Amino acid sequence: MLRLGDYTTLRIVKKVDFGLYLDGGEEGEILLPQRYMTKDMHIGDEIEVFIYLDQDERPVATTEHPYAKVGEFACLEVAWVNQYGAFLKWGLMKDLFCPFREQKKRMEQGQRHIVYVKLDEDSYRLMATAKVEKYLSTPSSQEEVPEERGGLTHGAPADILVWQKTDLGFKCIVDNRYQGQIYDNQIFQPLHSGDRLTGYIDHVRQDGKIDITLQPTGRQHTLDFAEVLLRYLYENDGRCNLGDKSPAELIYDRFQVSKKAYKKAIGDLYRRRLIIIDNEGIRLA
């Protein structure tokens, strides 16, 4: 079935001066404009294309990849504004429309906003909305999350879109689906709205929001960093002047790990009787 605002694979059925026609099934033939043609495209071939609407609101195909498809969130820049709303750059020749009714505050040219891409049920047009809260889900079971991602279990990796600054840190969108929070004490690198990065599930709260850490957690990570710290001691005269009471910023600057991960590694090495802890930091036993 042909889905507007999504990728699909269609068969080439006709070549004309201005492009290729693809078999759109019940939707009829879909044009792939000449600018997207390549020499290795032939009648009968199947190609993957993205389907959206042209200037005349007719379905058209492109081999370009937008920054987000229907059902996804993205941080998009405002290209221009008119009396009806804003038009956002989303990686295709035709900009994505965000009407005023879907804006939290009036968008201005050059600004960037976190939006959700949707298909408007009334007009059957692709559009963006800045009212992203309406499209975030609350996790109700582990079965909702693909197994290969590790579910929402502690330490599982997740795709993170940084959303907005708060008094506690940053709101974020987790796996293009859930609302998350990155707390200030977990942030050891510059973050900005629109940043995409890998985070890790720390805790799913009772309200359904997810606490995110930017560093791997769990026993294996502790063991891995413990070996890094041990190697550092061997290469630096057996000493490190950072202890469990040292500022988190100094620990991150030197090892790129959180203070929590550093303390766990110290504890692991101490239990294995490989280090001694003193007032000046740690040293090899």
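Just so we're clear, the structure is a prediction, and the values are computed from it rather than from any experiment. Starting from 1, each residue takes its place in the sequence as its number.
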Do you reckon [X] sits in the same ILVMFWY cluster as [Y], going by side-chain contacts under 4.5 Å, direct or chained?
X	Y	value
I160	F73	no
V132	L76	no
L242	I277	yes
L197	I210	yes
L119	L88	yes

Of all heavy-atom pairs between [X] and [Y], which one has the smallest distance, and what is that distance?
X	Y	value
E64	T62	N-OG1, 3.0 Å
L233	R239	CD2-C, 3.5 Å
V204	P139	CG1-CG, 4.2 Å
L229	A265	CD2-CB, 4.4 Å
D95	K89	OD1-CA, 3.9 Å
V60	L31	CG2-O, 3.3 Å

Can you tell me how far apart [atom1] ([X]) and [atom2] ([Y]) are? Round to the nearest 0.5 Å.
X	Y	atom1	atom2	result
T129	H113	OG1	NE2	12.0 Å
R11	I47	CZ	CD1	12.0 Å
Q34	F18	CD	CZ	10.0 Å
L32	I51	CG	CD1	8.5 Å
L136	Y116	CG	OH	9.5 Å
E133	I173	CD	CD1	8.5 Å

Side-chain contact, heavy-atom cut-off 4.5 Å: [X] with [Y]?
X	Y	answer
D23	L10	no
C172	L161	no
Y67	V117	no
I43	V13	no
V49	T8	yes
R283	D278	yes
F97	S123	no
Y36	M93	yes

Backbone N/O of [Y] and side chain of [X]: donor-acceptor pair under 3.5 Å:
X	Y	answer
K259	S246	yes
D207	K209	yes
N236	Y232	yes
D56	R58	no
Q103	C98	yes
E102	P99	no

For this session: Indicate whether any N or O donor in one side chain lies under 3.5 Å from an N or O acceptor in the other, for K94 and Y52.
Result: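 No, no side-chain donor-acceptor contact under 3.5 Å.
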Salt-bridge contact [X]-[Y] (side-chain N to carboxylate O under 4.0 Å):
X	Y	result
K165	D184	yes
R177	D175	no
K69	D6	yes

Exercise. Any idea how W90 and F50 line up, ring-wise: parallel (<30°), tilted (30 to 60°), or perpendicular (>60°)?
Worked result: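 Ring orientation of W90 relative to F50: perpendicular.
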Exercise. Taking ILVMFWY side chains as joined if any heavy atoms are under 4.5 angstrom apart, and letting links pass through other members, which residues group with L168?
Worked result: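 When side chains under 4.5 Å apart are linked, the cluster holding L168 also contains Y183.
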Exercise. Can I114 and K171 be said to form a side-chain contact (heavy atoms from CB on, under 4.5 Å), step by step?
Worked result: CA-CA 11 Å; I114 301 292; K171 285 184 181 180; over 6 Å; no
Give a yes or no on this: more than 12 heavy atoms of other residues, nucleotides or ligands lie within 6.0 Å of atom [atom1] of [X].
X	atom1	result
E26	CD	no
K15	NZ	no
E235	CD	yes
R125	CZ	no

Exercise. So I282 and Y270, side-chain contact (heavy atoms from CB on, under 4.5 Å) or not? Walk me through it.
Worked result: CA-CA 9 Å; I282 61 174; Y270 182 77; over 6 Å; no
Exercise. Going through the distances and angles, do D211 and R205 end up as a salt bridge (charged side-chain N to carboxylate O under 4.0 Å, His left out)?
Worked result: CA-CA 7 Å; D211 293 341; R205 299 178 351 218; 3.0 Å; yes
Exercise. Quick one: salt bridge (Lys or Arg N to Asp or Glu O under 4.0 Å) partners of E48, sequence neighbours excluded?
Worked result: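 Salt bridge (Lys or Arg N to Asp or Glu O under 4.0 Å) check on E48 returns nothing, list empty.
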Problem set entry | Chi angles and distances behind the side-chain contact (heavy atoms from CB on, under 4.5 Å) call for I212, D202 | CA-CA 5 Å; I212 294 293; D202 186 45; over 6 Å; no
For this session: Evaluate the side-chain contact (heavy atoms from CB on, under 4.5 Å) criterion for residues V70 and L4: first the C-alpha distance (whole Å), next the side-chain angles of each, then the deciding distance (0.1 Å), finally the verdict.
Result: CA-CA 8 Å; V70 165; L4 194 61; over 6 Å; no
